[in-house]
Every structure is written in C-alpha cells, then in structure tokens.
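A quick write-up on the structure given underneath.
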Amino acid sequence: MSIERPMVRSSRNEFMTGYLEALALVERLHRLLLDVIKDEFERVGVLEINAVQALLLFNIGDNEVTAGELKSRGYYQGSNVSYNLKKLVEMGYMHHQRCEIDRRSVRVRLTQKGRQIRNIVAGLFSRHAEGLEGKAVIDRQGIDDITASLKRVERYWTDQIRYIY
C-alpha cells in the first residue's frame with residue numbers, strides 16, 4: 001500500500017487550482033474580447049453585425065473558405081459557423097459560391113463591405129498591441145511565452161479528443 005506524502009498532494013492541489021484559474025481566465029478573456037469588439041463597433045456606428053461575426057470576418061481575411069474548413073481549423077463549431085456565414089452573406093459582408101467539384105460545399109470570401117469590417121477589427125487589434133507594449137503591460141517575450149504555452153494546451157486537448165473519445 002502506497003501512502004502519498006503531503007508535499008506531493010499539496011503540489012497536485014496547487015496545480016489543479018492554477019489550472020482551473022487558467023481555464024476561467026481563458027473563458028473570461030474570450031467573452032471580454034467579444035465585448036471589446038462590440039464596443040468598438042458601437043463607437044464607429046456599425047450596429048448590424050455582432051462581435052462573433054466581426055471576428056469571423058477577421059479570421060477569414062483574404063482567404064476563400066468553406067464552413068468545414070473554418071470548423072476544422074478549430075475556429076468555430078459547425079452550426080454556429082454555418083448560421084453566421086449565412087447571415088453575413090445575407091447582409092452583404094460575404095460572397096458565396098458553390099464549389100465546382102463538390103456541389104454540396106459552398107465557398108465564401110469577403111466582399112468590400114466585409115473587408116471594411118475586417119479592417120476595423122485589425123485596427124483595433126493593432127492599437128491594443130501598441131498599447132500593451134507601449135505601457136509595458138507585456139513584452140514580446142511574454143507574448144511568445146503565452147502563445148507557446150497555449151499551443152501546448154491546445155495540442156494536449158486535441159489529443160484528448162482524438163484518443164480518448
């Protein structure tokens with residue numbers, strides 16, 4: 001019979017506490033990002049598009065993609081992306097065209113109106129990057145460390161989905 005030493009148990013509890021705090025922070029940051037985008041669009045008078053749709057336009061950028069590609073890249077869930085793509089096409093932010101090879105698949109790309117939205121989001125992110133660096137909130141090494149850590153967590157979670165379920 002193996003008995004855990006108190007030091008090991010305490011270390012595991014501390015890690016679990018830190019992990020749960022990190023998970024909550026990632027979730028809060030995502031919601032806060034959407035609020036920041038929403039506020040920017042209210043400031044510039046763009047009210048017909050929501051923050052999720054604006055972020056979708058930003059992530060598509062100059063690419064021509066299908067809903068499946070956006071889902072497979074891990075950006076969005078299937079029904080959510082399909083709904084938002086449909087709305088963006090209806091509002092004139094995106095062009096859509098049936099794929100020549102697979103007629104069931106629809107390829108989308110930004111219209112001029114969609115590129116204007118993308119540029120608003122890009123400008124917002126650029127100002128944030130300048131502010132974070134200029135006010136010494138975080139430096140390049142800090143951003144690199146955060147990104148590397150988040151990529152490792154992403155790989156771990158992806159492996160869990162692929163191999164456990």
Side-chain angles (χ1 to χ4, degrees), residues 19-155 157-158 161:
Y19 178 62
L20 293 175
E21 185 178 348
L23 291 176
L25 184 57
V26 167
E27 188 177 357
R28 281 195 318 270
L29 284 172
H30 177 68
R31 283 193 309 267
L32 190 56
L33 173 63
L34 295 177
D35 286 344
V36 166
I37 293 169
K38 177 182 165 279
D39 287 350
E40 178 71 2
F41 279 86
E42 287 174 358
R43 188 183 69 72
V44 299
V46 177
L47 304 176
E48 72 176 348
I49 189 169
N50 67 41
V52 170
Q53 293 164 340
L55 200 51
L56 181 60
L57 292 172
F58 177 80
N59 287 326
I60 291 171
D62 293 329
N63 300 310
E64 186 175 291
V65 297
T66 65
E69 288 169 341
L70 289 170
K71 185 181 175 202
S72 69
R73 290 179 193 172
Y75 288 139
Y76 303 94
Q77 295 180 348
S79 59
N80 186 21
V81 74
S82 296
Y83 170 81
N84 282 309
L85 289 176
K86 180 181 175 193
K87 295 306 269 182
L88 289 166
V89 167
E90 289 172 2
M91 292 186 290
Y93 291 99
M94 303 192 81
H95 291 291
H96 74 289
Q97 179 179 356
R98 290 243 171 250
C99 189
E100 294 294 324
I101 298 167
D102 181 358
R103 301 296 295 167
R104 297 169 296 170
S105 181
V106 176
R107 299 197 67 77
V108 295
R109 70 181 188 285
L110 303 188
T111 62
Q112 181 58 38
K113 189 175 174 183
R115 285 191 294 278
Q116 289 171 345
I117 296 299
R118 185 191 190 287
N119 290 341
I120 292 170
V121 176
L124 174 67
F125 290 169
S126 179
R127 288 193 313 274
H128 286 172
E130 289 172 14
L132 287 166
E133 189 174 33
K135 294 181 180 177
V137 174
I138 193 165
D139 62 9
R140 176 61 194 248
Q141 185 60 52
I143 287 290
D144 290 347
D145 292 345
I146 289 169
T147 302
S149 294
L150 290 173
K151 283 180 179 180
R152 287 192 305 272
V153 171
E154 178 185 36
R155 270 193 307 274
W157 286 350
T158 300
I161 292 167

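Residue numbers start at 1 and run along the sequence shown. All of these numbers come straight from a predicted model, not from anything done at the bench. Keep in mind that the numbers below use all heavy atoms, side chains included, and drop hydrogens, waters and symmetry copies.
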Legend entry - Under-4.0 Å salt bridge between Glu21 and Arg28: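 Judged by the 4.0 Å cut-off on N to carboxylate O distance, Glu21 and Arg28 do not form a salt bridge.
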Legend entry - Salt bridge Glu48-Lys87, side-chain N to carboxylate O under 4.0 Å: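 Between Lys87 and Glu48 there is no salt bridge, as every charged N stays at least 4.0 Å from the carboxylate O atoms.
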Legend entry - Pair Leu110-Leu57, side chain to side chain contact (heavy atoms under 4.5 Å, CB included): steps then yes or no: CA-CA 7 Å; Leu110 303 188; Leu57 292 172; 3.1 Å; yes
Side-chain contact test, heavy atoms from C-beta onward, threshold under 4.5 Å: evaluate it for [X] versus [Y] and give yes or no.
X      : Y      : result
Arg118 : Ile60  : no
Val26  : Val153 : no
Gln97  : Val108 : no
Glu64  : His95  : no

Quick one: [atom1] on [X] to [atom2] on [Y], what's the gap to the nearest 0.5 Å?
X      : Y      : atom1 : atom2 : result
Ile117 : Met94  : CD1   : CE    : 12.0 Å
Tyr93  : Gln116 : OH    : CD    : 8.5 Å
Phe58  : Asn119 : CZ    : CG    : 10.0 Å
Leu25  : Leu20  : CG    : CG    : 12.5 Å
Leu55  : Ile37  : CG    : CD1   : 4.5 Å
Leu88  : Ile49  : CG    : CD1   : 5.0 Å

Inset, instruction - Using the side-chain hydrogen bond (donor to acceptor under 3.5 Å, both in side chains) rule, collect all pairs that involve residues 132-141, keeping only residues at least two apart or in two chains. - result: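 Passing the test, one end in residues 132-141: Arg140-Asp144, Gln141-Asp145.
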Legend entry - Full working for salt bridge (Lys or Arg N to Asp or Glu O under 4.0 Å) between Lys151 and Glu154: CA-CA 5 Å; Lys151 283 180 179 180; Glu154 178 185 36; over 6 Å; no
Taking [Y]'s backbone N and O only, do any of them form a donor-acceptor pair with [X]'s side chain (distance below 3.5 Å, no angle check)?
X      : Y      : value
Lys38  : Leu33  : no
Asn59  : Leu56  : no
Gln53  : Asn50  : yes
Thr147 : Ile143 : yes
Thr66  : Val106 : no
Arg109 : Asp62  : no

Inset, instruction - List for me each residue that meets ring-ring contact (aromatic ring centres under 6.0 Å, His included) alongside Phe41, sequence neighbours excluded, and say none if there are none. - result: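 For Phe41, no residue satisfies ring-ring contact (aromatic ring centres under 6.0 Å, His included) once neighbours in sequence are set aside.
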Inset, instruction - Carefully, step by step, assess Lys86 and His96 under the rule side chain to side chain contact (heavy atoms under 4.5 Å, CB included). - result: CA-CA 9 Å; Lys86 180 181 175 193; His96 74 289; over 6 Å; no
Inset, instruction - Decide side chain to side chain donor-acceptor pair (under 3.5 Å) for Ser149 and Arg152; before the verdict, give the C-alpha distance in whole Å, the side-chain angles of both, and the deciding distance to 0.1 Å. - result: CA-CA 5 Å; Ser149 294; Arg152 287 192 305 272; 3.1 Å; yes
